[in-house]
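Naming convention: chains lettered A, B, ... in sequence-line order (proteins, then strands); numbering from 1 in each chain.
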Amino acid sequence: MAERKILLGNEAMAYGLLEAGCTLAASYPGTPASEIVGTLAALKRSGSIAMHVEWSINEKVALETALANSYAGRRSAAAMKQVGLNVAADPFMSAAYTGVKGGLVVIVADDPGPHSSQTEQDTRQFAMLAKVPVLDPLGPAHARDLLHTAFDLSEDYEVPVLFRPTTRVCHARQDMEIRPFRQDQPAPVFEKDPARWAATPKFRFLLHKQLNEKLDAVSRDSRLQPVQLNPAVSAEKAAGVIVASGAVCTHASEILKDLGLWEEIPLYYAPMPFPLPEDFLTGLLDQARRILVLEETQPVMEAQFRDRAKVQGRLSGHVPREGELLPETVEGIVRTFAGLPEAAAPKGAAAPGRRPTLCAGCGHRAAFFAIRKVFPRGIYPGDIGCYTLGLNLGAVDTVLCMGASISQAAGFYHAFRDSGQNSRPIVATIGDSTFYHAGIPALINAVIQGCRFVVVVLDNATTAMTGHQPTPAEGNTLDGRSVPKVSIEDLARACGVRHVSVGDPYDFEAFTGLLKAAKEHTRDPENGGMAVVIARRPCLMDRKQPKPDRKPVPAINDKCQGCGFCITHFECPALVFHGKEEAVTVDDVLCSGCGVCAHVCPHDAIEIPSQPQAGKESNHS
Amino acid sequence: MTTQKRMDAGLRIFFTGVGGQGTLLATRMVGEAALIQGLNVTMSEIHGMAQRGGVVESSIVVGDIASPIIADGQADVMLAFEPLEAIRALGKCHAGTTAVVNTVPIVPFTVAAGQGQYPDVQDVLEDLQESLAKVVALDAVTLAREAGNVRAANMVVVGAFAGLQVLPVERSAWEESVRRLLPPKLHDVNERAFALGFDAGRAVA
């Protein structure tokens, strides 16, 4: 019997790429897509696969790299989260026109909910905008299989194919049979064709016409027609039919069975929600009395029915216009559609909220506390990463998208300067990986527009939130070749910043000194300007980093009045609050021994004992 | 929900805990054990920001059910690694649900900031006992410490669930699952933690 393994949806997709003979995969990490290329990167590191795998600097670069590999006739993939495609929108739109040679699959993971994203945008609408086909898998095992079809489709029609899993596919796990990976790597062939690969606007018009013809043909492709999952039921005789795609379709089939409707209501699964074939749309409108469309997160299939008099979905208000379609939501919609009574509400239970926070000993917490201390009246534009959680500490006022901290800080600077208020300090915080991704153009722009504010680069030497992917500071490719390390301080200087400093936020007094000097530089009327402070402290959760020296676990002395200042302003998980007037205690399992909290207490109630304690347990199970 | 679910089709297991407790590892442990036993498994989890001290929920569906998400009122088993999270997830359970609950609280920062109160753990357990068919409450942290590492509390909870024999998985499959998912240096302590939980579960099975 073949080996069976439980694979995460993203692992299954990585295996699907390898089975289909993909020769290059490029990505920038982002939840829920990170483990697709993460799985490939681990295989690459261990020397098990030939494919070129890379963590690119950002999604635009990833897609452009994959596209050119495809121009050379080789199967290629780019993977990203949905907002990553916003960054890569420019090459994506244009690639639809140029088309491809080797199959190009762009895997873009959507996050209905949203669980870990800024938006609930539906990538399938990007497919409509760019006029490329999009596939919407049901679950992990199906996603692996459907990737094979995606590559075939891309090559047969010479068009990029969007592959759109959602969080519930990416982060589901399913047991499946392990299959061999395709070993042959075709030799690269690049046929020069400037009218196509370097098309000027006149040729672009022709390419657009060709793209429209490709799309019509794709919609009729027999491999991707909608299928009725319960074919024994007749659409003409039923009171209504359901059309679904993606993870929602899986919920819908379970719910129809649970409600005893499996033999009553035809359920169609559309593996390719765009472009839907004209025959299917008109045929269903002819036969069915009512059509319920279940899809995440926006009305893509629903909008393709030209006559929507009998179509129910997000546009008609029968399906909520926002949010994930959880099984309980789908059940309510199906019950209404089938004329069944509403289900009883679940027994709810109130409980105080719990929000995520930075880990005990995180260098970001120390940096944020120092920023609040040096710039108490500051405006704090923040950015995307673990350090977004600085908002719990009152040290992040805005979060928009990758790299926006610096450009938004510039906008605030102009707003206050134009109104004659030069005194409002502005401190942007941005992580190291985010700085490389999208911070550099914003920093150059701030310099050349004469801005004066402080940028604190929170450098933890990794891309922490998404699972510790490497940054350009690492100096190694995934297959272990040594490459130049790209230094943040050199980049900042090259962007034209004259005041660049580097410090360890654990060294609290020295670090606040750096912030004060940076503040002075932004205010110096003669030689002042932009200032960059790099807060360098490796992530404690990154096992590739050396373990830092531990200070002893802090002791709480009798000055502690339980005022809660350290809890609300520092929020270290290792400091445990027991109510007003009760002394705070230290959880010695969580405490990392960073020693920063000793600088936090306004009553000097937190002390670091001088004698180091015995080593503590380090099981991370 | 009042809907009669097809209970014969499979078993739905809901996991809830706080980021950092090892909820997802515990989930994988149960899934792997079921796979070793030859059962069909689908699972679901949420990654990302929640893992930094927020609520972490995951699910396993064993048997002939395609959707890995557990809807309200559908969990046949709840494994709660923290008592407040057990209460929060009560809506996932039904009258026949079996729950294993670690009784050691992790007080959220919102309580310190004056937003809400942490309920009395005894009241929490009584609420659970009133609503559910069976509640196994245990101090997994103390048992884990006894096993040699407080961080193995997640294994104690998994062990207690295994000891209840609700899921038809043999002891050897559970032990194989521990060995597959953890590096060798962590096998002993986690096997001890699992065994302490297993005995506690079997005692009330």
Side-chain angles (χ1 to χ4, degrees), chain A residues 4-6 31-32 34-35 113 115-116 138-140 167-168 171-175 247 250-251 253-254 257-259 326-328 331 343-359 386 388-389 392 465-467 564 567-568 571 573 576-578 589-590 617 619-621, chain B residues 1-6 18-20 22 25 28 31-32 35 40-55 65-69 71-74 84 87-88 90-92 107-113 115-119 127 131 149-152 154-155 182 186 189-190:
Chain A
R4 289 184 81 78
K5 257 188 176 175
I6 298 176
T31 313
S34 307
E35 300 84 2
H115 296 280
S116 16
L138 293 164
T167 302
R168 300 301 186 173
H171 288 165
R173 291 179 194 266
Q174 198 173 1
D175 69 292
T250 315
H251 305 335
S253 49
E254 293 294 331
K257 289 171 193 164
D258 288 340
L259 296 176
L326 291 166
E328 50 265 42
E331 178 172 338
K347 189 179 169 178
R354 193 184 294 280
R355 65 187 186 199
T357 189
L358 296 166
C359 306
C386 288
T388 301
L389 293 169
N392 292 0
M465 179 63 91
T466 49
I567 306 293
T568 52
E571 204 184 83
V576 185
F577 185 68
H578 299 282
V589 174
L590 285 178
E617 307 153 289
N619 180 351
H620 288 281
S621 66
Chain B
M1 228 169 250
T2 52
T3 312
Q4 188 54 50
K5 297 295 168 190
R6 294 164 305 129
V18 178
L25 180 64
R28 290 184 59 199
E32 195 70 27
L35 176 79
N40 285 331
V41 189
T42 56
M43 300 155 71
S44 178
E45 56 203 50
I46 294 294
H47 296 196
M49 197 167 260
Q51 287 171 283
R52 305 282 183 264
V55 182
I65 303 170
S67 171
I69 319 292
D72 292 336
Q74 271 193 11
L84 182 67
I87 280 292
R88 200 192 307 279
L90 198 51
K92 290 283 174 198
V107 179
F109 287 105
T110 47
V111 170
Q115 300 160 16
Q117 279 207 314
Y118 197 96
D127 277 1
S131 312
N149 192 323
V150 291
R151 292 187 194 217
N154 56 349
M155 285 306 112
L182 289 171
L186 298 180
V189 68
N190 282 284

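A salt bridge is defined here as a Lys NZ or Arg NE, NH1 or NH2 lying under 4.0 Å from an Asp or Glu carboxylate O, and E45(B) with R168(A) fails to meet this definition.
At a threshold of 4.5 Å between non-hydrogen side-chain atoms, the residues E32(B) and I6(A) count as touching. Counting heavy atoms from C-beta outward, R354(A) and V18(B) have side chains that approach closer than 4.5 Å. Residues M43(B) and Q174(A) have side chains not in contact (no heavy-atom distance under 4.5 Å, counting atoms from C-beta outward). Side-chain contact between Q74(B) and E254(A) is absent, with no heavy atoms from C-beta onward closer than 4.5 Å. Between V107(B) and F577(A), every side-chain heavy-atom pair lies at or beyond the 4.5 Å cut-off.
At distances below 3.5 Å, not a single donor-acceptor pair connects side-chain atoms of D72(B) with backbone N or O atoms of E328(A). Within the 3.5 Å criterion, the main-chain N or O of V589(A) finds a donor-acceptor partner in the side chain of R151(B).
Summarising the geometry, atom OG belonging to S67(B) is positioned 10.5 Å from atom NZ belonging to K257(A); distances are rounded to the nearest 0.5 Å. Note that NE2 of H115(A) is 4.0 Å distant from CD1 of I46(B), once rounded to the nearest 0.5 Å. The CD1 atom of I69(B) sits 5.0 Å away from atom NE2 of H251(A), with the distance rounded to the nearest 0.5 Å. Annotation: the span from F109(B) atom CZ to T357(A) atom OG1 amounts to 5.0 Å, rounded to 0.5 Å.
For the residue pair T110(B) and G353(A), the shortest heavy atom distance occurs at OG1-O, 2.6 Å.
In this structure, chain B has a heavy atom under 4.5 Å from the side chain of T568(A), while its backbone stays farther away. Contact annotation for L326(A): only side-chain heavy atoms (C-beta onward) come within less than 4.5 Å of a heavy atom of chain B.
Options V111(B), N40(B), D127(B) differ in how many heavy-atom pairs under 4.5 Å they form with chain A, and the most are formed by N40(B).
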